[in-house]
Trainee: 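Could you have a look at this structure, given as structure tokens, before my questions?
In what follows, every heavy atom counts, from backbone to side chain, and hydrogens, waters and symmetry copies are set aside. If you're wondering where the values come from, they're calculated on a predicted model, not measured in any experiment.
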Amino acid sequence: MRRLIEIMLVVAILLDAAYWTIWFSNRDWIASEHTKAYYDFENAFPLADLWLGVACVLALVTLRARRPSALLWLVSAGSAGLYLFAMDFLYDVEHGIFAKGGGGAFEAVIVTLTLVFSVTVLRWSWRHRGELLSGDRAGG
């Protein structure tokens, strides 16, 4: 399971970087709407997603090095993702984004992946907090 967490962290980092690269270079590929309000909403996320990315990188580095601080960074990454999920999900539901064709389907995938990632990382890291804090081979 530890290896799966490491893979999830790498995927989260790559998806975060890819999303914002596409958003700022060719947002038509991923935009669910083309309104000023939607663009303003999405443009409010880069700093929060940067924090998520930094937390994921630090979680990955400290987890692989078996440092006790891995618990801090895993909980930080999981909670940052859960917060971003909640904001994104509520906006999408309130504005009918999920029903807006391919962009809405893409948004649904992102929101689902964010929720699954966050809950999995938080649950695993809490269950293995003793091993993480001692630097043991948490989760094998």
Side-chain angles (χ1 to χ4, degrees):
M1 188 68 179
R2 177 191 195 97
R3 183 76 176 135
L4 176 62
I5 297 298
E6 290 173 355
I7 291 168
M8 290 178 77
L9 289 164
V10 169
V11 169
I13 293 162
L14 293 174
L15 285 176
D16 201 13
Y19 182 90
W20 290 110
T21 299
I22 294 168
W23 180 259
F24 289 116
S25 65
N26 194 354
R27 71 178 53 165
D28 288 341
W29 290 359
I30 57 176
S32 303
E33 283 189 332
H34 300 285
T35 64
K36 183 178 178 343
Y38 176 74
Y39 290 161
D40 288 346
F41 174 73
E42 288 296 327
N43 286 333
F45 277 80
L47 186 58
D49 276 341
L50 177 62
W51 167 244
L52 173 61
V54 167
C56 287
V57 167
L58 292 171
L60 181 63
V61 168
T62 56
L63 184 61
R64 293 196 49 82
R66 302 196 188 294
R67 291 188 191 132
S69 57
L71 179 61
L72 167 71
W73 293 115
L74 287 164
V75 170
S76 295
S79 61
L82 199 55
Y83 184 83
L84 288 168
F85 157 79
M87 287 184 51
D88 220 2
F89 180 78
L90 185 58
Y91 179 90
D92 292 343
V93 168
E94 288 177 345
H95 293 88
I97 298 296
F98 296 135
K100 298 199 175 179
F106 181 73
E107 185 67 24
V109 169
I110 289 171
V111 168
T112 301
L113 287 174
T114 304
L115 177 62
V116 170
F117 164 80
S118 301
V119 170
T120 303
V121 167
L122 286 169
R123 185 174 174 190
W124 183 84
S125 61
W126 190 250
R127 285 187 170 177
H128 295 278
R129 66 190 177 276
E131 299 100 66
L132 288 165
L133 290 171
S134 70
D136 289 345
R137 289 190 53 90

Trainee: How long is the gap from OG on Ser125 to CG on Leu63, to the nearest 0.5 Å?
Mentor: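 If we round to the nearest 0.5 Å, Ser125:OG and Leu63:CG are 9.5 Å apart.
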
Trainee: Tell me which pairs pass side-chain hydrogen bond (donor to acceptor under 3.5 Å, both in side chains) where either residue lies in residues 36-49, with sequence neighbours left out.
Mentor: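 Passing the test, one end in residues 36-49: Tyr19-Glu42, Trp20-Asp49, Trp23-Asn43, His34-Tyr39, Lys36-Asp40.
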
Trainee: Using atom types as modelled, flag every donor-acceptor pair under 3.5 Å from a side chain in residues 75-82 to any protein atom, sequence neighbours excluded.
Mentor:
unit_1	atom_1	unit_2	atom_2	d
Ser76	OG	Leu72	O	2.8
Ser79	OG	Val75	O	2.8
Ser79	OG	Ser76	O	3.2

Trainee: Can you list every salt bridge (charged side-chain N to carboxylate O under 4.0 Å, His left out) pair that touches residues 111-120, not counting sequence neighbours?
Mentor: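 Non-adjacent pairs meeting salt bridge (charged side-chain N to carboxylate O under 4.0 Å, His left out): zero.
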
Trainee: Within this structure, what is the CG-CD distance for the pair Leu133 and Glu131, rounded to the nearest 0.5 Å?
Mentor: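 Those atoms lie 9.5 Å apart.
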
Trainee: Do Trp124 and Leu74 touch side chain to side chain, with heavy atoms closer than 4.5 Å?
Mentor: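 Side chain of Trp124 against side chain of Leu74, heavy atoms only: contact under 4.5 Å found.
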
Trainee: Which pair of heavy atoms, one from Ile13 and one from Gly53, lies closest together, and at what distance?
Mentor: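 Closest heavy-atom pair between Ile13 and Gly53: CG1-O, 4.3 Å.
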
Trainee: Who are the side-chain contact (heavy atoms from CB on, under 4.5 Å) partners of Arg129, not counting sequence neighbours?
Mentor: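 If we apply the side-chain contact (heavy atoms from CB on, under 4.5 Å) test to Arg129, skipping adjacent residues, the hits are Leu71, Trp126.
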
Trainee: Would Trp73 and Leu50 show up in the same hydrophobic cluster when neighbours are defined by side-chain heavy atoms closer than 4.5 Å?
Mentor: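 Same cluster: Trp73 reaches Leu50 through Ile, Leu, Val, Met, Phe, Trp or Tyr contacts under 4.5 Å.
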
Trainee: Cluster question for you: counting only ILVMFWY and a side-chain heavy-atom cut-off of under 4.5 Å, with indirect links fine, are Val119 and Val121 together?
Mentor: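 Yes: a chain of side-chain contacts under 4.5 Å links Val119 to Val121.
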
Trainee: Can you check whether Phe24 reaches Pro46 side chain to side chain, under 4.5 Å on heavy atoms?
Mentor: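 The answer is yes; the side chains approach within 4.5 Å.
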
Trainee: Rounded to the nearest 0.5 Å, how far does CG of Leu52 lie from CG of Leu47?
Mentor: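 CG of Leu52 is found 11.5 Å from CG of Leu47.
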
Trainee: Enumerate, atom names and distances included, each donor-acceptor pair closer than 3.5 Å involving a side-chain atom of residues 108-117, sequence neighbours excluded.
Mentor:
unit_1	atom_1	unit_2	atom_2	d
Thr112	OG1	Ala108	O	2.8
Thr114	OG1	Ile110	O	2.8

Trainee: Which residues satisfy the salt bridge (charged side-chain N to carboxylate O under 4.0 Å, His left out) test with Arg64, sequence neighbours excluded?
Mentor: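 For Arg64 the salt bridge (charged side-chain N to carboxylate O under 4.0 Å, His left out) partners, ignoring immediate neighbours, are Glu6.
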
Trainee: What heavy-atom pair brings Ala70 and Leu132 nearest, and what distance separates the two atoms?
Mentor: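 Taking every non-hydrogen atom into account, CB-CD2, 4.2 Å.
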
Trainee: If a pair satisfies salt bridge (charged side-chain N to carboxylate O under 4.0 Å, His left out) and one of its residues is in residues 21-30, list it, with sequence neighbours excluded.
Mentor: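 Residue pairs passing salt bridge (charged side-chain N to carboxylate O under 4.0 Å, His left out), neighbours aside: none found.
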
Trainee: Kindly write out the residues that satisfy ring pair (Phe, Tyr, Trp, His ring centres under 6.0 Å) with Phe45, not counting sequence neighbours, or none if the list is empty.
Mentor: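 Result, ring pair (Phe, Tyr, Trp, His ring centres under 6.0 Å) vs Phe45: Phe41.
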
Trainee: Going hydrophobic residue to hydrophobic residue with side-chain gaps under 4.5 angstrom, can you get from Val11 over to Phe85?
Mentor: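 In one cluster with Val11: Phe85, no.
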
Trainee: Using modelled atom types and a 3.5 Å cut-off, is there a donor and acceptor pairing between side-chain atoms of Arg66 and backbone atoms of Ser134?
Mentor: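 No: the side chain of Arg66 does not pair with the backbone of Ser134.
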
Trainee: In the single-linkage hydrophobic clustering (I, L, V, M, F, W, Y; side-chain heavy atoms under 4.5 Å), do Met8 and Met1 co-cluster?
Mentor: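 Shared cluster, yes.
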
Trainee: I need the minimum non-hydrogen distance between Ser69 and Thr62, along with the two atoms involved.
Mentor: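 Heavy atoms of Ser69 and Thr62 come nearest at OG-CG2, 3.4 Å.
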
Trainee: In a table with atom names and distances, give each donor-acceptor pair under 3.5 Å that connects a side chain of residues 87-103 to protein atoms at least two apart or in another chain.
Mentor:
unit_1	atom_1	unit_2	atom_2	d
His95	ND1	Tyr91	O	2.9
Lys100	NZ	Glu33	OE2	2.2

Trainee: Is it true that Tyr83 and Leu15 fall in one hydrophobic cluster, defined by side-chain heavy atoms closer than 4.5 Å?
Mentor: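 In one cluster with Tyr83: Leu15, no.
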
